[in-house]
Amino acid sequence: MAVLSESVDISNAMIVAPVSPADWLIVAPTVLTILGGAICLMMRKDTAAQPRIGVLFLALLVFATGGLFLHVLDKGVITMVMGRWLPPFGIAFTADLTGAALAFVASLVAFSAGVYGILDVDGSGRRYGFYPFLLLLMTGVCGAFLTGDIFNLYVWFEVLLIASFGLLVLGNEQAQLDGAVKYALLNIIATTLFLLATGLLYGLYGTLNMADIAIKTRQFGIDGPIATIAVLYFLAFAMKAAAFPVNFWLPASYHTPRIVVSAVFAGLLTKVGVYALLRIFVVLMPEARFQLEDLIALVAIATMLTGVFGALAQTDVRRLFGYLVISGIGSMLAGLAIGTTPALAGTIFYAIHSIVVMTALYMAAGVMSAMGGSYSLRELGGLYAASPAFAAVFLVLAFAVAGLPPFSGFWPKVILVEAAITTGHVWIAASILATGLLTSIAVGRVWVFAFWRGGPEGTPDGTAGAGALVAAPGLARPVVWLPLGVLLALVVFMGVVPEPMFQVTGRGATSMVDPIGYVRSVFGDSL
Amino acid sequence: MRTVIFRTIAPYLSALMVLFSVFVLLRGHNEPGGGFIGGLIAASAFAIYGIACGVAAVRRAIIFHPMSLSAFGLFIAGLSGLPSLFMRQPFMTSQWWYIHIFGVEIPLSTPLIFDVGVYFVVVGAISSIALALEERESD
């Protein structure tokens with residue numbers, strides 16, 4: 001090497017400028033979770049040490065993504081190209097504000113789930129690898145949020161998919177395997193479509209670097225192949241995000257695993273799909289988004305309404321919340337269909353809100369089942385009398401998911417409805433409002449049946465809460481109220497003090513609509 | 001499958017294959033080979049040994065659980081990207097060390113460590129599948 005560096009000028013192929021250690025924050029989330037997952041897997045038999053290592057690494061992950069978020073907030077988009085090869089040949093990690101913010105919130109949710117899992121996941125679940133899978137799932141999720149290379153995005157989707165298979169079948173029950181088969185099959189089809197589209201895109205432009213693709217699509221405009229590629233991407237990520245006609249894997253599988261696994265899935269998986277849609281259609285191919293606008297709007301409205309109607313028809317709390325996840329995806333797609341900067345800010349805000357509130361709702365469902373012994377609205381009852389404090393927690397989450405003030409779901413809906421009306425998308429605005437109303441009714445049913453009614457179905461009106469129903473043992477333990485409390489605090493904070501969120505999501509959306517900062521971060525200021 | 005000929009030859013064959021897999025692993029930086037193909041060869045060696053002498057014998061011979069081998073590989077592959085942090089270079093930038101032993105220059109590098117990691121991941125994952133399948137058959 002000493003001989004080589006004298007005779008060859010490597011600056012034509014490699015980055016020679018020194019990299020600041022702070023920029024390493026961009027790979028820290030993936031590296032930490034891989035190392036933590038590997039350590040957890042090596043010590044799989046030591047079930048007592050599993051949660052300690054898992055929660056430790058998840059806490060480190062929160063610090064890493066938090067640090068990255070602050071770094072990006074301060075410095076703007078940052079890029080690191082692996083192995084210091086020059087882009088577009090080296091694989092780039094590029095973090096803009098949207099990706100960093102989502103990674104941070106996702107890590108907080110994963111940390112909460114890791115803590116909640118201490119109680120929810122027993123010895124056999126730990127031996128089957130709950131913590132390694134959770135950490136490796138976070139590798140995939142953070143990698144997807146932070147990568148700047150579209151094939152690399154595919155790889156992270158695979159990583160999170162494989163980890164999610166493991167989490168889904170944790171325990172090997174028949175219902176779990178049934179759910180996992182449907183989930184796996186449909187997700188593999190989506191991933192294959194994603195791979196096909198990426199192959200076509202590479203054939204067309206000869207590059208996989210997202211910043212490079214963003215330049216090329218703007219240079220060449222829209223023609224035949226790129227429209228096909230865009231539709232393939234839309235179908236693939238719509239399946240991942242559980243948008244209307246291709247979402248039947250979600251209700252088939254989300255109620256089967258342990259409740260903490262459902263909580264993580266409901267919070268994170270579909271939102272990675274939404275993020276990929278935003279990245280592809282806003283940053284990479286805005287022209288294609290413009291062409292597909294009507295289709296996206298139609299899908300958004302159908303997803304919102306079918307989701308909430310599904311929720312109204314369910315009696316199992318977990319299935320009901322699963323349909324609310326779908327309905328929320330519709331609202332996020334609505335922002336993509338409108339496509340203006342405020343609307344996209346609304347989508348990002350809604351995604352962050354949905355990550356937090358859906359995880360919290362599933363955790364609350366776990367507590368409800370621990371107290372009432374069932375997930376069915378027919379059998380639950382009297383929870384208000386058993387624990388008024390928990391009833392208050394649930395009410396806050398119910399208000400948030402329905403989009404009622406003063407909690408986190410209110411503001412993104414305000415932004416989206418306002419953006420829809422100002423751009424003349426009356427139907428989108430009407431659907432968002434109708435969905436809000438119907439969601440209130442759906443969660444209102446849970447409240448009335450599980451909390452207000454004195455006991456199981458058939459209990460006469462006016463019965464006070466059953467005395468027999470006591471708070472389940474362990475409910476008062478910090479491993480339950482701490483994660484729920486963290487998420488609840490976020491929900492209340494985003495609702496009462498929305499200004500920081502407006503700032504972050506507004507800036508995030510602006511830098512996606514006009515990705516000059518993104519491109520310059522990869523290729524330098526000369527472009 | 002447990003014929004005398006096969007049972008006699010299998011240990012030698014497995015040993016030879018594991019040795020060959022290490023050779024393939026080490027030549028892989030500049031020539032065909034590397035961690036993935038080396039790992040596959042080693043996993044086939046364990047599979048053959050398992051068919052001939054039983055899965056329990058393989059599990060005893062490799063001491064660690066295959067999944068732990070896999071995890072160990074993942075761990076060192078992850079670590080191999082980190083030394084460039086101290087050189088103020090991006091993640092996974094290769095670092096080289098040249099060691100002279102008896103007048104022979106031996107190039108060591110972080111890509112080699114990464115490749116060894118891949119080797120262990122593949123050995124662990126494939127033999128854990130292979131051993132599980134062979135166990136079912138014998139039960």
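Residues A:V19 and B:Q89 have side chains not in contact (no heavy-atom distance under 4.5 Å, counting atoms from C-beta outward). The closest side-chain heavy-atom distance from A:R44 to B:H65 is below 4.5 Å.
One finds the CD1 atom of A:I39 at 4.5 Å from the CZ atom of B:F75 (value rounded to the nearest 0.5 Å). Atom OG1 of residue B:T93 and atom CE of residue A:M82 lie 9.0 Å apart, to the nearest 0.5 angstrom.
Considering all non-hydrogen atoms of both residues, B:S68 and A:L41 come closest at OG-O, 4.4 Å. Contact record, A:W24 with B:P90: CZ2-C, 3.7 Å, taken as the closest heavy-atom pair. Taking every heavy atom of both residues into account, A:M80 and B:F91 meet most closely at SD-N, 3.5 Å.
Both the backbone and the side chain of B:S84 come within less than 4.5 Å of a heavy atom in chain A. Of the two parts of A:M42, the backbone and the side chain both hold a non-hydrogen atom closer than 4.5 Å to a non-hydrogen atom of chain B. Contacts between B:I76 and chain A at a heavy-atom distance below 4.5 Å are absent for every atom of the residue. Proximity to chain B (any heavy atom under 4.5 Å) is restricted, for A:L136, to the side chain, taken from C-beta onward. The part of A:V27 that comes within reach of chain B is its side chain, from C-beta onward, which places non-hydrogen atoms under 4.5 angstrom from that chain. Using a 4.5 Å cut-off between heavy atoms, B:L82 touches chain A through backbone and side chain atoms alike.
Other residues, nucleotides and ligands contribute more than 12 heavy atoms inside 6.0 Å of the CD1 atom of B:I106. For B:I9, the CD1 atom sits in a loose shell: 12 or fewer heavy atoms of surrounding residues, nucleotides or ligands are nearer than 6.0 Å. Within a 6.0 Å sphere centred on CD of A:Q174, other residues, nucleotides and ligands contribute 12 heavy atoms or fewer. Surrounding CZ of A:F151 are at most 12 heavy atoms belonging to other residues, nucleotides or ligands under 6.0 Å away.
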